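Each remark here refers to the structure printed beneath this line.
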Amino acid sequence: MIVITLPDGKKMEFSNSTTGLEIAKTISSSLAKAALAIIKNDSLIDLSAKITENASVNIITRDSDEALELIRHDTAHVMAEAVQELFPDAQVTIGPSIENGFYYDFAREIPFSTEDLTAIEKKMRQIIERNEPFIREVWDRETAIKHFSDKGEKYKAEIIYDLPANEDVTVYKQGDWYDLCRGPHLPSTKHIGTAFKLMKVAGAYWRGDSKNAMLHRIYGTAWRNDKELKAYLTMLDEAEKRDHRKLGREMDLFHLQEEAQGSVFWHDKGYTIWLELEKYIRCRLQDAGYQEVKTPQLLDSKFWEQSGHWSKFRENMFVVPDVVPNIEDDGSIFNEEPKNYMAIKPMNCPAHVQIFKQGIKSYRDLPIRMAEFGCCHRNEPHGALHGIMRVRQMTQDDAHIFVREDQILEETLSFCHLLLSVYKDLGFEDVAVKLSTRPDVRAGEDETWNKAEDALGQALEKAGLTFSINPGEGAFYGPKIEFVLKDAIGRDWQCGTLQLDFVLPERLDANYIGEDGQKHRPVMLHRAILGSMERFIGILIENYAGKFPLWLAPVQAVVTTITGETDDYAEEVYDTLKSKGMRVELDLRNEKINRKIREHSLAKVQHIIVVGAREKDERKTAIRTLGQKEQKFLSFDETIEFLHNETRSPLEKT
RNA sequence: GCUGCUGUAGCUCAGUGGUAGAGCGCGUCAUUGGUAAUGACGAGGUCGGGAGUUCAAUUCUCCCUAGCAGCACCA
């Protein structure tokens, strides 16, 4: 006799064994039809799996998150079958479900083409239509290894070989095709439905390691129903429309060119956003008791050896020989072998420690909050570069807070408040927080790590933030907090960070005099709110789809005319707005008003101020605001006041 | 860095083994038009760079380079 407990607490009895399907049938025939799998004591298992002991059971139907994962995983299996039917030379490897869909990696000489995807997808729909049940089998380990090896599936054989000894080797069959898989699966292929689409082919390393063979990965998306699929595809379209590289060009914000790959040419309009953002952050930091500094770009390699970057970070640094170059037409660039090397800074922290070290610091001086809009260069791999989001020259809104150990909690807490308040001002209210804890390879005593992790955790709790733990993801020198914000179309961006560091002050021999008259090591908090100016502006562009909050917008209003007869009045409006510090443009072109409205609207100018003969006569303006049907008719003075109000930054609003 | 794809006018993109085209933009002229494209004419290209095959290469092949997608890495 076994007892099954349902989520509502109801108990059911079965003679000696049962299955999820039997339980569902006992409850109702409609549930039996809808049931896809069950959660038994917190683990997801097949509907047909035998239950032989007392258990709590939750029946999974299509609308649950678990079902969606099953759908995605099963679609991956069906794709693998389709691929092997069409391309018998392809070996299967792994195919998990992922966010928004699934992928499957295949080993094969020839990569898949875009045309292949169409054929594979067609075959998948046939396989689903066959409605083959997924059947689980447990195989003997040795037999399984031999079987897959003989079949030429060496990757599968390798996976089985590496499976923990206590784990069953399970194989799932769907018709004649089968795959090594832990499961669970849907009852049969038809449950997958039709809401999936193969998206793209890409290379991927076996087991994610760049030393291993490159496999061919096919990505797909899969959803519960066509409506969800369509919504996802619409979101992708929307993301493409917002692409900062496209908007950056269209709005004349910046450009990139191959002679300076990974570094941004900021145009007037883009740099206006930068300056406004920088001004805003600078004010917030001043209010929060930070000092601002500026440190050198080029520093001797010996300095980086001392800081530890030379051994740990050198492959990401730009190194310059400290030699006068040869200017003769022939011959090498350098006539002598360089004795010394300089490196362009990839981080600001070691330089900040040098400032800290000037003079003697007392425990009374701490905390010292040292900020820099630090321009750093990192020698990023070519394949990593992406628009202005991932660049080789970047400016961080960086700061290092030198504290005593007893100040960690308080400084962390106030940083969290500052960061959330900044994000809110910039339009991001949905922020996820992650705490990354000690990695396997680390510096420092376990006792110190305990204190550090506790302090960060406590600060987050005090700040009222819910957070998830990233075990083992901390830096080697200390644990860190990462702040992830969600943009207008639901994408996540990791921006802010706070990292505790016990190592660098030690390496660079920073100290302060404590109450006891002895030297002590300060702890460093590395922290950034935006991350980098480049990346954050990229995020802003995509989040707002180019329609920036007015205080950041490069063009806040355009004054334009209907005919040339009112040019003088338009100039007066324009001059007055300009003199009040607003970013206004004057459009006196000999074009029809329709055209001018269209062009400025497409350029995402939010306020178009039209002055024609009527407005001139009455000393008024007609303001057309982007996204609104009605125009406003305001007097000259009201216009100035209206725009002045609209363009106020969050700093002026409080 | 790895795999695949791409590079033609300022932008978006056609096209061809016999040295190139469209739309938008730009310039000139005409037009003075009340809220999402006025018309006409015109100027723009060593077809990413180099080598090879060929009588002939923007087109075919190879190498390099940059961009794009993904992987790895990461702010």
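Naming: A, B, ... by sequence-line order, numbering from 1 per chain. As the structure is a prediction and not an experimental result, all values here were calculated from the model.
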Options [options], nucleotide nearest the side-chain atoms of [X]:
X: A/L602; options: B/A36, B/G34, B/U32; value: B/A36
X: A/E615; options: B/A72, B/A36, B/G34; value: B/G34
X: A/E599; options: B/G70, B/G25, B/C71; value: B/G25
X: A/R595; options: B/A69, B/U35, B/U38; value: B/U38
X: A/K592; options: B/C71, B/A75, B/G33; value: B/G33
X: A/T563; options: B/G34, B/G33, B/A37; value: B/G33
X: A/R390; options: B/C2, B/A75, B/U3; value: B/A75
X: A/M214; options: B/A72, B/G70, B/A36; value: B/G70
X: A/E380; options: B/C71, B/U35, B/A75; value: B/A75
X: A/Y219; options: B/C68, B/G1, B/G70; value: B/G70

Any carboxylate oxygen within less than 4.0 angstrom of a Lys/Arg side-chain nitrogen, looking at [X] and [Y]?
X: A/D487; Y: A/R242; result: no
X: A/K279; Y: A/E276; result: yes
X: A/R207; Y: A/D162; result: yes
X: A/R245; Y: A/D243; result: yes

Open item on the list: Taking the six-membered ring of A/Y477 as reference, does the cationic atom of A/K312 (NZ for Lys, CZ for Arg) lie under 6.0 Å from its centre and within 45° of its axis?
Closed with: no
Is [N] paired to anything, Watson-Crick or G-U wobble with both distances less than 3.5 Å, and if yes, which nucleotide?
N: B/A75; result: none
N: B/U38; result: B/A30
N: B/U53; result: none
N: B/A22; result: B/U12

Task: OP1 or OP2 of B/G67 under 4.0 Å from side-chain N/O of A/R245 - done: no
TODO: Would you tell me if any nitrogen or oxygen in the side chain of A/N594 comes within less than 4.0 Å of OP1 or OP2 on B/A36?
DONE: yes
In whole angstrom, give me the gap between the [atom1] atoms of [N] and [M].
N: B/G21; M: B/G45; atom1: P; answer: 13 Å
N: B/G42; M: B/C5; atom1: P; answer: 42 Å
N: B/U65; M: B/A37; atom1: P; answer: 47 Å
N: B/U16; M: B/U58; atom1: C1'; answer: 9 Å

So [X], base contact, sugar-phosphate only, or nothing? Heavy-atom distance under 4.0 Å.
X: A/Q257; answer: nothing
X: A/G564; answer: base
X: A/Q494; answer: sugar-phosphate
X: A/A622; answer: base
X: A/Q261; answer: sugar-phosphate

Ignoring hydrogens and angles, are the base of [N] and the side chain of [X] linked by a donor-acceptor pair under 3.5 Å?
X: A/E565; N: B/U32; result: no
X: A/Y205; N: B/G70; result: no
X: A/R249; N: B/C11; result: no
X: A/E258; N: B/G7; result: no
X: A/R624; N: B/A36; result: yes

TODO: Indicate yes or no for a side-chain donor-acceptor contact from A/E534 to the backbone of A/T395 under 3.5 Å, with no hydrogens or angles considered.
DONE: yes
TODO: Inspect the surroundings of CD in A/Q257 and state if more than 12 heavy atoms from other residues, nucleotides or ligands are less than 6.0 Å away.
DONE: yes
Open item on the list: Judged by each residue's nearest nucleotide on RNA chain B, which is more toward the 5′ side, A/S532 or A/K200?
Closed with: A/K200
Task: RNA chain B: 5'-proximal contact among A/I593 and A/G203 (nearest heavy atom) - done: A/I593
Task: Rounded distance (Å) that lies between atom P of B/G34 and atom NZ of A/K596 - done: 12 Å
- [ ] Mind telling me if B/G44 is syn or anti? Syn here is a glycosidic angle within 90° of 0.
- [x] syn
